[in-house]
Amino acid sequence: MAKWLVKTEPSECGINDFAAAPDKTIPWDGVRNYQARNFLKDMAVGDEVLVYHSSCKDIGVAGIVRIARSAYPDPAQFDPESPYFDAKSTPDNPRWQAVDMMFVRKLPRLIPLDRIRSQPGLDNLALVRKGNRLSVMPVSDEEWQIILAAG
DNA sequence: GCCAACGTTGGC
DNA sequence: GCCAACGTTGGC
């Protein structure tokens, strides 16, 4: 079972939104980067995902969710009203994918980015590499352990 | 708010 | 196919 990390702005959709509706699936949509999209396609039901809060006051890993539905065409790409609309995408040949996620748990304390940065063994994790903007990334079992142990 | 780093676009 | 210009990301 693979493991992942996703970045999100908590003002948009953070761990608290999952915690507030623990029995509901929440679509993870709006990813508009090809590399991230390809990782979404690799996600399988049951995979666990670290939820990382970015562009906010408390930056870091805030909780864990899991994949409830594997990749399907992101409906937002077909909606002209949506900020995620993509005129070059068609239902026959959709560019962008979404998955559904579900709450697992909130960490007792957020694991701040600088804590994660200071751990040895995370050199291959895109999150801590300089200038990295990838918003969906794989996390190895070892990296997963290191990150959670830092909390 | 600043700005470095990045991905994408589009002219050539 | 190259690459400059542009818009966005995201930490600080």
Side-chain angles (χ1 to χ4, degrees), chain A residues 2-20 25-43 47-67 70-140 142-151:
Chain A
K3 293 181 168 63
W4 309 92
L5 181 147
V6 294
K7 294 182 190 170
T8 183
E9 301 187 15
S11 58
E12 293 291 320
C13 179
I15 194 66
N16 288 334
D17 295 282
F18 285 95
T25 63
I26 295 183
W28 203 264
D29 58 5
V31 171
R32 295 292 179 270
N33 167 285
Y34 289 102
Q35 200 181 352
R37 191 263 331 252
N38 292 342
F39 287 133
L40 287 183
K41 285 184 176 176
D42 290 338
M43 290 175 167
D47 283 1
E48 289 194 313
V49 183
L50 295 173
V51 174
Y52 172 89
H53 287 173
S54 69
S55 298
C56 59
K57 181 165 157 291
D58 296 311
I59 296 167
V61 171
I64 300 173
V65 297
R66 66 182 162 80
I67 303 303
S70 59
Y72 58 94
D74 180 350
Q77 69 195 310
F78 308 125
D79 176 7
E81 304 297 309
S82 169
Y84 301 122
F85 177 68
D86 185 342
K88 293 178 181 165
S89 196
T90 64
D92 283 347
N93 190 17
R95 270 192 186 184
W96 306 112
Q97 302 285 119
V99 298
D100 289 352
M101 300 195 190
M102 241 180 141
F103 184 66
V104 173
R105 65 189 169 96
K106 192 172 167 176
L107 298 183
R109 285 164 46 195
L110 176 126
I111 306 172
L113 177 59
D114 56 2
R115 286 278 303 157
I116 296 169
R117 275 227 166 86
S118 68
Q119 306 304 310
L122 297 179
D123 294 347
N124 290 324
L125 184 67
L127 181 72
V128 297
R129 284 210 296 266
K130 185 177 178 182
N132 199 280
R133 295 163 53 175
L134 188 62
S135 63
V136 179
M137 66 191 76
V139 177
S140 72
E142 292 76 12
E143 290 163 342
W144 182 278
Q145 295 299 331
I146 291 168
I147 294 167
L148 290 181

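So you know, we letter chains A, B, ... as the sequences are listed, proteins then strands, and number each from 1.
In terms of phosphate contacts, R95(A) brings no side-chain nitrogen or oxygen within less than 4.0 Å of OP1 or OP2 of dT8(B). Listed pair Y52(A) / dG11(C) meets the phosphate criterion, a side-chain N or O lying under 4.0 Å from OP1 or OP2. Within the 4.0 Å cut-off from OP1 or OP2 of dA4(B), not a single side-chain nitrogen or oxygen of K130(A) is found.
For the pair M137(A) CE and dT9(C) P, the interatomic distance rounds to 14 Å; values are reported in whole Å. Atom CZ of R129(A) and atom C1' of dA4(B) are 17 Å apart (whole Å). Here dA5(B) presents its C1' atom at 14 Å from CG of L134(A), a figure rounded to the nearest Å. As rounded to whole Å, 16 Å separates atom C1' of dG11(C) from atom NE2 of H53(A). Distance, R37(A) CZ to dG7(B) C1': 14 Å, rounded to whole Å. Distance CG (N38(A)) to P (dG7(B)): 13 Å, rounded to an integer number of Å. Between the CG atom of L110(A) and the P atom of dG11(C) there is a distance of 12 Å, given to the nearest Å. To the nearest angstrom, P of dG11(C) lies 4 Å from CD1 of I59(A).
With respect to R37(A) and D74(A), no salt bridge is recorded, no charged nitrogen being found less than 4.0 Å from a carboxylate O.
For R105(A), the CZ atom is loosely surrounded, since the number of other residues' heavy atoms within 6.0 Å does not exceed 12.
Y34(A) and W96(A) have tilted rings, their planes meeting at an angle from 30° to 60° on a 0 to 90° scale.
Residue-level contact check: R32(A) touches neither bases nor backbone, having no heavy atom under 4.0 Å from any strand.
Q97(A) places no side-chain N or O within 3.5 Å of a backbone atom of L40(A) that could act as its donor or acceptor partner.
Out of dG10(C), dG10(B), dG7(B), the shortest distance to the side chain of K88(A) is found at dG10(B). Comparing atom distances between the K7(A) side chain and each of dG10(C), dT8(B), dC12(C) picks out dG10(C) as nearest.
Between V61(A) and L5(A) there is a side-chain heavy-atom pair separated by less than 4.5 Å.
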